[in-house]
K.L.:
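Structure below; questions to follow.
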Amino acid sequence: MSRATTPEAYKLLHEGLQTLSRIESNGIRIDTDYLEGAIGKTKRRIANLYRSLEEDEVTQVWKTTFGRSANFNSREQLGEVLFNRMGHACVNRTPTGRPRTDEESLSSLSIPYVKRFLKISKLQKALSTYLYGIQKETVDGFLHPIFSLHLVSTFRGSSERPNFQNIPIRLEWIADLIRQAFIPRVGHALVELDYSGIEVGISCCYHHDPRLTAYVEDLSLDMHRDMAAECYMMDTDQVTKQLRYGGKNKFIFPQFYGDYYINCARNLWDHIVSGKLSMKNGTLVTDHLKEQGITRLGACDPKQKPKARTFEKHIQEVEANFWGSRFKVYAEWKEKWWSEYQKNGGWQTLTGFIENGVFKRNEAINAPIQGSAFHCLLWSLTRLQKWIERNRSGAKIVGQIHDSIVADVPVDEVQDYLAAAKKIMTRDLARKWKWISVPLRIDAEIAYEGQSWNDKKEIKIEN
DNA sequence: TACTTCGGCGCC
DNA sequence: AAAGGGCGCCGAAGTA
């Protein structure tokens, strides 16, 4: 059970919902010709890949195992073929005891068939969830995703039919395929504004950890680079973009979400091994770690104590330092927040919402941060929509992705829109909520007329 | 045919 | 002491 307790909290949701209705009504323009072509091409690519596997031994075993009911899309059947018929060792199982057949488990087998199977899976996901998913919801060249405020336990928003909040972006070749379908209206540009590091910033408003606050305040500091250096035991000036990515997405964020050293060690290790990553000076990171006395990952078994000279042991120490020293105040806040929740059965967020119910430790600690961060976005969204109406702007907000706002803006209004949005999202919001104790920053990206969402490039905001 | 569960995977 | 926060959508497989 959760409620908007204060009048401001109620107003935030009430107005937010009206804004989201406007966004749904606006819709985003879709290049339907492109979509049709991309669907055809992707279908042919998938068919060709399957054809190239017809002679493979795995295909033959698959046929003798399943006969008429063979389904070469089925991961469950693949698991049966590989692990029970062909004798490959299954190291990963799901909670129900079935062999795990996710990308990570399968790619570690290094079987040519499997490599191609995974490629087909990626294309199939792109085709069914995205290309077809977008096409079947497009009406007269526009897509109108639904945006809700009542479905997420943390008070974040959600999106469906289709989900506008999980359009591929991480893998370039998939992003290329999907995002080209999203285009600006005639005479418009797509403008995307996102709060940089809003959840980390809002977390500081709860725990006031001085070291984390310093990272947020001082742009010359770089937490992700620093933690990559510590995890991979190198100087900060040896950290490449990819290694920084590992520090950020395989250590810092998982740690903030409540993960622990065993998973982090595994993922950090896999990151450098499967990517064959090097330091800036060209040395392979695995070779470098060897020089530092670390030759292997370690058992990564929760029941075993990590052994000396393993990467697992090292990351355990990094973790201990992370919470015991570096972000000690944050760690103390987590304990306090958790025990207060256990005592009271709920909490109140900085944005004026009361949340009651049964929560696990990690959920209780993350929910207020995630929800309050989204409320920053939601407030900005309504203010921006009001600015658009008041100024008779031709800008149309077309979507929201948790910490970002996507709008379709007349080309000659772009600078006005950017200036107004920056004022609202940073200065006005900080004035509205006095508890915001860190600087608010936004980044802007733009895709011009004739381009697509896939072409968005960073753009400076003039004050 | 309709529905549920599971595993998997896309995003923040 | 426990051990990854939040979603929506897909196909496969089983059940009603």
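In this text, all values refer to a predicted model and were calculated from it rather than measured experimentally. Just so we're on the same page: letters track the sequence lines, and every chain starts at 1.
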K.L.:
Any cation-pi pair here, A:Lys334 with A:Trp323, using under 6.0 Å and within 45°?
P.N.:
yes
K.L.:
Could you check whether A:Asp56 pairs with A:Arg116 (Lys NZ or Arg NE/NH1/NH2 to Asp/Glu carboxylate O, under 4.0 Å)?
P.N.:
no
K.L.:
If you check every side-chain atom of A:Ile169, which of C:dG6, B:dG10, B:dC11 has the closest atom?
P.N.:
B:dC11
K.L.:
Under a 4.0 Å N-O cut-off, is there an ion pair linking A:Arg179 with A:Glu172?
P.N.:
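Salt bridge flag = no for A:Glu172 with A:Arg179.
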K.L.:
Between C:dG6, C:dG8, C:dG5, which nucleotide has the shortest distance from any of its atoms to the side chain of A:Glu160?
P.N.:
C:dG8
K.L.:
Think A:Arg361 has a side-chain N or O under 4.0 angstrom from the OP1 or OP2 of C:dA1?
P.N.:
no
K.L.:
Inspect the contact between A:Arg51 and A:Glu54 and indicate whether a charged nitrogen and a carboxylate oxygen are less than 4.0 angstrom apart.
P.N.:
no
K.L.:
Measuring from the side chain of A:Asp102 (C-beta onward, heavy atoms only), which nucleotide among C:dG5, B:dC9, C:dC7 has the closest atom?
P.N.:
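Selected nucleotide (nearest to the side chain): B:dC9.
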K.L.:
Among C:dG5, B:dC11, C:dC9, find the nucleotide with the atom closest to the side chain of A:Asn163.
P.N.:
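Nearest nucleotide to the side chain: C:dC9.
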K.L.:
So, A:Glu24 and A:Arg161, do they make that salt bridge, N to O below 4.0 Å?
P.N.:
no
K.L.:
Considering just the side-chain nitrogens and oxygens of A:Lys122, establish if one lies under 4.0 Å of OP1 or OP2 belonging to B:dG10.
P.N.:
yes
K.L.:
Tell me, with the steps shown, if A:Tyr195 and A:Ser380 meet side chain to side chain contact (heavy atoms under 4.5 Å, CB included).
P.N.:
CA-CA 11 Å; A:Tyr195 274 113; A:Ser380 301; 2.7 Å; yes
K.L.:
Please check the phosphate of C:dC10 (OP1 and OP2 only) for any side-chain N or O of A:Lys136 closer than 4.0 Å.
P.N.:
yes
K.L.:
How many whole angstroms separate atom OH of A:Tyr261 from atom P of C:dA2?
P.N.:
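About 13 Å, once rounded to whole Å.
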K.L.:
Look at A:Thr101 and B:dG8 and indicate whether a side-chain polar atom (N or O) is within less than 4.0 Å of OP1 or OP2.
P.N.:
yes
K.L.:
So, OP1 or OP2 of B:dG7: does either fall under 4.0 Å of a side-chain N or O from A:Arg100?
P.N.:
no
K.L.:
Short of 4.0 Å, heavy atom to strand atom, which residues of residues 65-98 of chain A count as contacting DNA chain C?
P.N.:
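Here the set is A:Asn71, A:Asn73, A:Ser74, A:Glu76, A:Gln77.
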K.L.:
Would you mind telling me which of B:dG10, C:dA3, B:dC12 lies closest to the side-chain atoms of A:Asn362?
P.N.:
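The listed nucleotide nearest to A:Asn362's side chain is C:dA3.
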K.L.:
Quick check for you: among C:dA3, B:dC11, C:dC10, whose closest atom lies nearest to any side-chain atom of A:Ser128?
P.N.:
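Closest of the options to the side chain of A:Ser128: C:dC10.
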K.L.:
Using a distance-only test with no angle check, is there a side-chain donor-acceptor pair under 3.5 angstrom linking A:Trp62 and A:Gln77?
P.N.:
yes
